[in-house]
Amino acid sequence: METHISAQHWRRYVSVFLIFSTAMNTACAVTHYSIPEEMEEGSIVANLAADLGLDAKTLVKRKVRLDVIANKRYLEINKETGELFIAEKIDREYLCNSKNPSCFLKMDVSIEEPIRMFNIEVEIMDINDNVPHFRRDTMHLDISESTPAGERFSLNNAVDPDFGTNSVKSYHLSDEEHFSIEIQTGRDGSKFADLVLKNALDREEQAVHNLILTAVDGGVPARTGTANIIVRVLDTNDNAPQFDKESYTINVMENAPIGNLVIELNATDLDEGTNSEIIYSYSLYTSEKTQAIFSLNSNSGEIRVKEMINYEDFRIYDMEVIAMDKGPNSLSSQCKLTILVTDMNDNHPEMSIKSFQSPIKENVAIDTVIAIVSVSDKDSGENGIVDLHIADQLPFALRESSDNYYELVVSQPLDREKVPEYEITFTVTDRGSPPLSDNETMTLELLDVNDNVPQFPQSFYTIPVMENNAPGALLSSLTAFDPDLHENQYLVYFIIEKEIVNTSMSMLFSINPENGNLYALKTFDYEIEKEFLFHIEARDSGVPPLSSNVTVHIIIVDQNDNTPVIVSPWRAHGSVVEEKIPRSTDKGSLVSKVIAIDTDSVQNSRITYQFLQVTDATLFSLDQYNGEIRTMRMFSYRDPRHQRLVVIAKDNGDPALSATVTIKLSTVETAVKAYSDMTEVPLEYDIFSDLNLYLVIGLGSVSFLLLITILVTCVLKCQKPMPSKAAPPSRNSMISERNSTIADSTLVSNDAYWYSLFLAETRKGKLVVRQPVPKAGSRYIVSSLPRSTGLTETSDSAASTLQVRMTYTSTSRKTNAYIKSSSNIQTTTSSSCLNIFVGYRPIYMCLYTLCSSEVCVGLIVT
């Protein structure tokens, strides 16, 4: 432990010795100081200027200098104050020999003006700053347990670098009943300790003694150092071997197997090493017969059966065993053994199989005898009674036929497919204690019979086939399984014939009779054939043969293999459709309608329409779903007279297929009725209550008579020749270049385009009346009558004889008109309208007539 003392504290204790002497006009003085070691750097030793009688203010001017003789510069002079202070911490043990009683630092102080020299001695005083320590922290001693008490053992001494009273002064030993220490002093004053054995040692009680030796110095406070002393007690052969018991009684079964362990003797010796190793041997009191029947292992003490033991020869064996150690002076002990032989059932029962039938058919009848077995046992009494049995889970049973004879019979139906063969183990057991048994295993093979129908993994197969398949393509493998063997297992596959439209299934499909691979014999087209349903039969080769069939559903999967066909507007292959449209056409007017059809499936046949080319993209719009082309604005004087539209109709397949049509539109100044006025106006369906419905029906009946009268008048009028009149000009008119005639709201045309167009409009809820003209080829009369029309427009032609037939039916949602056609297309039209109020509901009713030389059409619109 270091001692830290401030400079002010030590200054009171520094002794200054001044010695004055004179010699030949030169004065020399030795200044002596005493300081403790380990003072802090900067600590003041003394005021050297004052002690030397110098003026501190002149030290710098007179160039005071401190010279250290033969040592490092541990001290310095403060030239401003004249104080001597510690420049570096001083360690006395490092600076001087620890055995030297004195330790000095010698220095010279010189000044100028005039030159003077002073001698200074600083004595370094020792402090207790070092701990005693042993050269070895652990000391090992081996002491025999036979060592007498009072024996001494030298120990390593402790070392303390401090001097005098601060060095090692004494030793202490930890509490121990067997040991103590004695302290010795060397010539140089160092202290030594001897270990003294107080009491005799016993290795069997304690083999190792752990001691702690403590060295204490004389400092204040005292410091200590410790070392461990490990004393290992050496063994001597002072203990004899001891058995667990002095005598043993052992039961041994007769016929015990050779080498069978009878007993393992265990003797222990508390000594160690060779003193504890034990050798076992028979004593002279053990008979030779006993030694011949039983063997003794001299090292482990195991007694085993050496020869066969027979209860009838010898029932009791006596022996004596000696255990002796291997020490220099061997010690030994003995124990006695009595071995009793126990009688046992040592004769095994015997079994003989007199008859065994194998193989047998799997359909063998119940209670059929398969084998006859006889049993016997040489023992008597309970040991001679035997029982025969087989495993319970087998489909067989044992039936006793006579004394010691058994029959093996079939007790359950056999199935080769489940178990092809049986391992039948016959086990015979006597009733001795313990019972003895014997067994014998026989293998029974089963012959196959054709008792299993071929089985398909599935009862119904759905096989998708992509259309346009290659002929001979493999569709699927329909494999059945028959668990029978050999020819009963060989399967042949057939297609059960079924005619479809005078076509046999064998002309469409074929199946490999050996492996059930199903092939297509032709290329299928989804648009013609969508599915097939037939049966496939699998038949084995047994006698009689067995078969089963499975239903096969072939589904033809559509491919996008049909290009959309544009049916409207109709045009010759590669030609351009030409249309005329008034320049005064309103915004949103229907210009044309493109209709395309695709014969593929629903998914692939969805048609969308797009402009591929358009002269002016701001003038026309195209509905991508219904193909209607409408004006987006009115024509201006800057717009060109000719517009070219290229429309592409694309289906929804992958990859998509498409068709295009080119429409050339020409604007004209003629004021015929616009095409947009020819479109139908959707019917507004009135939802009547039941009462109002009855009123409407009644009103219709009354009106019927009035309308008949008007109709007859019109017929008579149409029979007279009338001069032709040009149609009055109208803004909402359009002239088609398709050999069509527009009269009032009726279109007569031989172009299927108009028929398809108005048919599509009818599906939107608009009223369209149409009838083909039988005698005019492919011409149609199509009427589109908006119910909002309130004007009467007439187009007269040559009169002819008319036959009139009209039926009228009025409901809340539908109006029907009957039209009789003729071959003469010259027509006359007229109309009459009136308003009728039913309750608070106004009903607007009009009668339209269309007459020609051979036909007259009447239509009532409400």
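Throughout, residue positions are numbered sequentially from 1 according to the sequence presented.
- With rounding to the nearest 0.5 angstrom, the CD atom of Gln357 is 12.0 Å from the CE atom of Met442.
- None of Asp271, Leu270, Asn329 except one satisfies the side-chain contact (heavy atoms from CB on, under 4.5 Å) rule with Asp238; the exception is Asp271.
- The main-chain N or O of Thr427 is never found under 3.5 Å from a side-chain atom of Glu440 such that the two would form a donor-acceptor pair.
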### Message
What verdict does the side chain to side chain contact (heavy atoms under 4.5 Å, CB included) test give for Glu38 and Ile127, after you've listed the backbone C-alpha separation in whole Å, the side-chain angles of each residue and the deciding distance to 0.1 Å?
### Response
CA-CA 8 Å; Glu38 302 293 340; Ile127 63 173; 3.9 Å; yes

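- You'll find the side chain of Lys306 stays beyond 4.5 Å of the side chain of Ile293, heavy atoms only.
- Atom OG1 of Thr226 sits about 12.5 Å away from atom OH of Tyr171, to the nearest 0.5 Å.
- In this structure, the side chain of Asp235 engages the main chain of Glu272 through a donor-acceptor pair within 3.5 Å.
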### Task
Take Ile250 and Leu340 through the test side chain to side chain contact (heavy atoms under 4.5 Å, CB included) and record every step on the way to the result.
CA-CA 6 Å; Ile250 306 164; Leu340 305 178; over 6 Å; no

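- Considering only heavy atoms from C-beta on, Val208 stays 4.5 Å or farther from Val231 through its side chain.
- When atom types are taken as modelled, the side chain of Arg416 and the backbone of Pro483 share a donor-acceptor pair closer than 3.5 angstrom.
- A 6.0 Å sphere centred on CG of Asp137 holds no more than 12 heavy atoms belonging to other residues, nucleotides or ligands.
- Side chain of Tyr317 to main chain of Ser287: no donor-acceptor pair is present (N/O by atom type, distance under 3.5 Å, no hydrogens or angles).
- Shown here for Tyr282 and Ser295, the closest heavy-atom pair between the two residues is OH-C, 3.9 Å.
- Judged purely by atom type and a 3.5 angstrom limit, Tyr285 has no side-chain atom pairing as donor or acceptor with the backbone of Val321.
- Looking only at side-chain heavy atoms (C-beta outward), Ile230 and Thr138 come within less than 4.5 Å of each other.
- In summary, the side chains of Lys191 and Thr185 do present a donor paired with an acceptor at a separation below 3.5 Å, with no hydrogens or angles considered.
- A 6.0 Å sphere centred on CD1 of Ile353 holds more than 12 heavy atoms belonging to other residues, nucleotides or ligands.
- Between the side chains of Asn157 and Arg135, at least one donor N or O sits under 3.5 Å from an acceptor N or O.
- The two residues Asp438 and Pro349 come nearest to each other via the heavy atoms CB-O, 3.6 Å.
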### Query
Passes side chain to side chain contact (heavy atoms under 4.5 Å, CB included), Asn299 versus Tyr280? Steps please.
CA-CA 6 Å; Asn299 294 322; Tyr280 299 90; over 6 Å; no

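- For the 3.5 Å distance criterion, the side chains of Thr147 and Ser144 fail to qualify, holding no donor opposite an acceptor.
- Remark: side-chain polar atoms of Ser355 are not paired, donor with acceptor, to backbone N or O of Ile372 under 3.5 angstrom.
- The backbone N or O of Ile278 sits nowhere less than 3.5 Å from a side-chain atom of Asp325 that would complete a donor-acceptor pair.
- Using a 4.5 Å heavy-atom cutoff, the side chains of Leu155 and Leu213 are in contact.
- Other residues, nucleotides and ligands contribute at most 12 non-hydrogen atoms within 6.0 Å of the CD atom of Glu246.
- In this structure, His172 and Val216 have side chains that are in contact, with non-hydrogen atoms separated by less than 4.5 Å.
- Aromatic ring centroids of Tyr422 and Phe396 lie under 6.0 Å apart.
- Between the side chain of Thr286 and the main chain of Glu320, a donor-acceptor pair closer than 3.5 Å is present.
- More than 12 heavy atoms of other shown residues, nucleotides or ligands fall within 6.0 angstrom of atom NZ in Lys198.
- The OH atom of Tyr33 sits 8.5 Å away from atom CE of Met107, with the distance rounded to the nearest 0.5 Å.
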### Task
Any chance you could lay out the side chain to side chain contact (heavy atoms under 4.5 Å, CB included) test for Ile279 and Lys326, step after step, and finish with the verdict?
CA-CA 8 Å; Ile279 297 176; Lys326 295 181 181 180; 3.5 Å; yes

### Task
Check step by step if salt bridge (charged side-chain N to carboxylate O under 4.0 Å, His left out) holds for Glu37 and Arg92.
CA-CA 6 Å; Glu37 64 175 328; Arg92 184 184 186 280; over 6 Å; no

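- Taking a cutoff of 4.0 Å between a charged side-chain nitrogen and a carboxylate oxygen, Arg152 and Glu182 qualify as a salt bridge.
- When all heavy atoms of Met308 and Asn255 are compared, the pair lying nearest together is SD-CA, 3.4 Å.
- Taking CZ of Phe314 as the reference point, atom CD1 of Ile339 lies at 12.0 Å (rounded to 0.5 Å).
- Going from atom CE of Met351 over to atom OG of Ser374 covers 9.5 Å, rounded to the nearest 0.5 Å.
- Around the CG atom of Asp403, the shell of radius 6.0 Å holds no more than 12 heavy atoms that belong to other residues, nucleotides or ligands.
- Panel note: side chain Ser333, backbone Pro241; a donor-acceptor pair is recorded below 3.5 Å.
- Under the 4.5 Å side-chain criterion, counting only non-hydrogen atoms from C-beta, Asp194 is in contact with Gln184.
- Note on residues 389-402: pairs passing side chain to side chain donor-acceptor pair (under 3.5 Å), not counting sequence neighbours, are Arg399-Glu407.
- With hydrogens and angles left out, the side-chain atoms of Asp217 and Asn128 include a donor and acceptor closer than 3.5 Å.
- Of all heavy-atom pairs between Leu398 and Tyr406, the closest is CD2-CB, 4.4 Å.
- Of all heavy-atom pairs spanning Thr429 and Ser437, the tightest one is OG1-CB, 3.4 Å.
- Interatomic distance, CG of Leu75 versus CG of Leu84, reported as 4.5 Å (0.5 Å rounding).
- The two residues Arg304 and Gly259 make their nearest non-hydrogen contact at NH1-O, 2.8 Å.
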### Working for side-chain hydrogen bond (donor to acceptor under 3.5 Å, both in side chains), residues Glu417 and Asn452
CA-CA 9 Å; Glu417 287 70 36; Asn452 289 280; 3.0 Å; yes

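- A donor atom on one side chain and an acceptor atom on the other are not found under 3.5 Å apart for Thr268 and Gln242.
- For NZ of Lys336, the number of neighbouring non-hydrogen atoms (other residues, nucleotides, ligands) closer than 6.0 Å is 12 at most.
- The backbone N or O of Pro395 lies less than 3.5 Å from a partner atom in the side chain of Ser411, making a donor-acceptor pair.
- Under the 4.5 Å side-chain criterion, counting only non-hydrogen atoms from C-beta, Ile303 is in contact with Leu265.
- For Thr425 and Thr441, the side-chain atoms include at least one donor-acceptor pair closer than 3.5 Å.
- Residue pairs meeting the ring pair (Phe, Tyr, Trp, His ring centres under 6.0 Å) criterion with at least one partner in residues 356-376, sequence neighbours excluded, are absent.
- Pro359 places none of its side-chain heavy atoms less than 4.5 Å from the side chain of Leu446.
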